[in-house]
Novice: 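Okay, handing you the structure first.
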Amino acid sequence: MIPYGRQSISDEDIQAVVDTLKSDFLTQGPAVQAFEQALASYCNVPYAVAVNSATSALHIACLALDVKAGDRVWTSPISFVASANCALYCGAQVDFVDVEPDTGLMSVKALAAKLQQAATNNTLPKVLIPVHLAGHSCAMQQIATLCQPYGIRIIEDASHSVGGSYLQQKDGQQQKIGSCQFSDITVFSFHPVKIITTAEGGVALTKDLTLAARMQLLRSHGITRNPDDMTEVSHGPWYYQQVELGLNYRMTDLQAALGLSQLKKLDAFVAKRLEAVARYRSLLQNLPLDLPEECPAGQSAWHLYIIKLHDENRRLAVFEALRSAGIGVNVHYIPIHTQPYYQQLGFQWGDFPQAEAFYSRIISLPLYADLTAEQQQQVALALNLAIKDACKE
Ligand SMILES: *Cc1c(COP(=O)(O)O)cnc(C)c1O
């Protein structure tokens, strides 16, 4: 089976983990800080807080922004459930902003309309979480401009887009996603299907020292050893204080060592993904489907290659035929608001029509750094056959 995504692990990656295994620290050692510094420097952002998953990063990002019961958090319905769950962990209410029909990214128009209505009804969100679906940047500059007058804080769920960039309309310069140009906090995931991996892992990036310090506390039980943060004089060298209710979301040094090694290859991985995207573009011409486009808001990291069939009624047959042909296609994503858990919270099919229409037509084709031209030809051949057969039915 050719999977839809997979990691690329080299001998250097393996050696980096083995070296750490033989070192003094498996966790809470120097590798985590080294990885954080390398990431921060890559993204041109002052602070990086590495954790054990992007889900954890989203959770501590919400906590650091004081998301709590009575607050509202808005995100995109076309995302992994973690983008919304983080708000529920904090006791807040979740709502969604519908997406652009072509890209599945949060719609600026829908956001503007929803904000206007919420301002009238006094139901504005505290935090907005745009999701850079497939690695394509949302229209962050416009989103930030819309949120600014209301003081809405922004967390970018950039789980798909480490290595990508956004274009600033002002000067046409590219800034790395993660620079937090248009947000308070940006989150990356290092799950094996993502662009670089630490097996499990994630990071929260920020320009704000206070937010960074708060997230550092929250990832490790809310415990501080810094005398400046303590409420009474230290009892001695052993002394620490728990100053808030934190969690154990720490990344291990084994993960960080792998991450550091992977980060060196990030630009090469993205370049390979871009080559594969160009190959698909020439292999998949003239089929009854829409190919994904590079977004005008930036340079995608191309985590996913999401095609949209013209005829939604053929999606199931085409998907099944591809799986039978050994192509590990997938669907990203089932709209979050239609999940049973979210339906219990009051959401229904029909609430976000563009997201539902997008969902009904999409299939994610295999895309990863080590995908070969031959494998892509196999995918194209299988897709051609699958569509032909589906059209006969
Ligand atoms: C993968 C993913 C997450 C969760 O990442 P983990 O590291 O697996 O917790 C969150 N949001 C999006 C959009 C994702 O794709």
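Just follow the structure's listing: the first ligand is 1, and inside any ligand the first atom is 1.
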Novice: Hey, looking at atom 4 (C) of ligand 1, which of V51, I78, T55, V81 has the closest heavy atom?
Specialist: T55
Novice: Is it the case that R315 places NZ or CZ above or below the six-membered ring of Y359, under 6.0 angstrom from the centre and within 45 degrees of the axis?
Specialist: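 Verdict for Y359: a cation-pi partner in R315.
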Novice: Counting N and O atoms only, with roles assigned by atom type, does the side chain of D184 sit under 3.5 Å from a partner on the main chain of I154, one being a donor and the other an acceptor?
Specialist: yes
Novice: Spell out, as yes or no, whether a donor-acceptor pair under 3.5 Å connects the side chain of T197 to the backbone of V193.
Specialist: no
Novice: Kindly identify the option in K194, H191, H59, H132 whose heavy atom sits closest to atom 2 (C) of ligand 1.
Specialist: K194
Novice: I'd like to check which ligand 1 atoms, numbered from 1 as shown, lie under 4.0 Å from a non-hydrogen atom of S79.
Specialist: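 Matching atoms, with element in brackets: 13 (C).
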Novice: Just to confirm my output: which protein heavy-atom neighbour is closest to atom 11 (N) of ligand 1, and how far is it?
Specialist: D157 OD2, 2.8 Å
Novice: Counting each atom of ligand 1 from 1 as listed, which ones have a heavy atom of G201 under 4.0 Å away?
Specialist: 7 (O)
Novice: Can you tell me the protein heavy atom closest to atom 10 (C) of ligand 1 and the distance?
Specialist: S159 OG, 3.4 Å
Novice: Between atom OH of Y150 and atom CG of L124, what is the distance when rounded to the nearest 0.5 Å?
Specialist: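 Result: 6.5 Å between the selected atoms.
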Novice: Report the part of F188 in contact with ligand 1, treating N, CA, C, O as backbone and CB onward as side chain, heavy atoms under 4.0 Å; options are side chain, backbone, both, neither.
Specialist: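 Neither part.
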Novice: Would a hydrophobic clustering, with Ile, Leu, Val, Met, Phe, Trp and Tyr connected at side-chain separations under 4.5 Å, put L345 with F80?
Specialist: yes
Novice: As an exercise, identify every atom of ligand 1 less than 4.0 angstrom from a heavy atom of S189.
Specialist: 1 (C), 5 (O), 6 (P), 7 (O)
Novice: Any idea which atoms of ligand 1 are less than 4.0 Å away from a heavy-atom of Y333?
Specialist: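 Answer for ligand 1: 15 (O).
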Novice: Do the non-hydrogen side-chain atoms of Q262 and I195 ever get within less than 4.5 Å of each other?
Specialist: no
Novice: Among all protein heavy atoms in this structure, tell me which lies nearest to atom 15 (O) of ligand 1, with the distance rounded to 0.1 Å.
Specialist: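 That would be H160 NE2, 2.6 Å.
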Novice: Considering residues at least two apart in sequence or located in another chain, which fulfil the salt bridge (Lys or Arg N to Asp or Glu O under 4.0 Å) criterion with E356?
Specialist: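 Residues passing salt bridge (Lys or Arg N to Asp or Glu O under 4.0 Å) with E356: none at all.
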Novice: Does an N or O from A54, backbone or side chain, lie closer than 3.5 Å to an N or O of ligand 1?
Specialist: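 Looking only at distances, the answer is yes, because the N/O contact criterion of under 3.5 Å is met.
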Novice: I need the contact type for S83 against ligand 1. Using non-hydrogen atoms and a strict under-4.0 Å cut-off, is it side chain, backbone, both or neither?
Specialist: side chain
Novice: Are the aromatic ring centres of H136 and W302 under 6.0 angstrom apart?
Specialist: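 For H136 and W302, the ring centres are under 6.0 Å apart.
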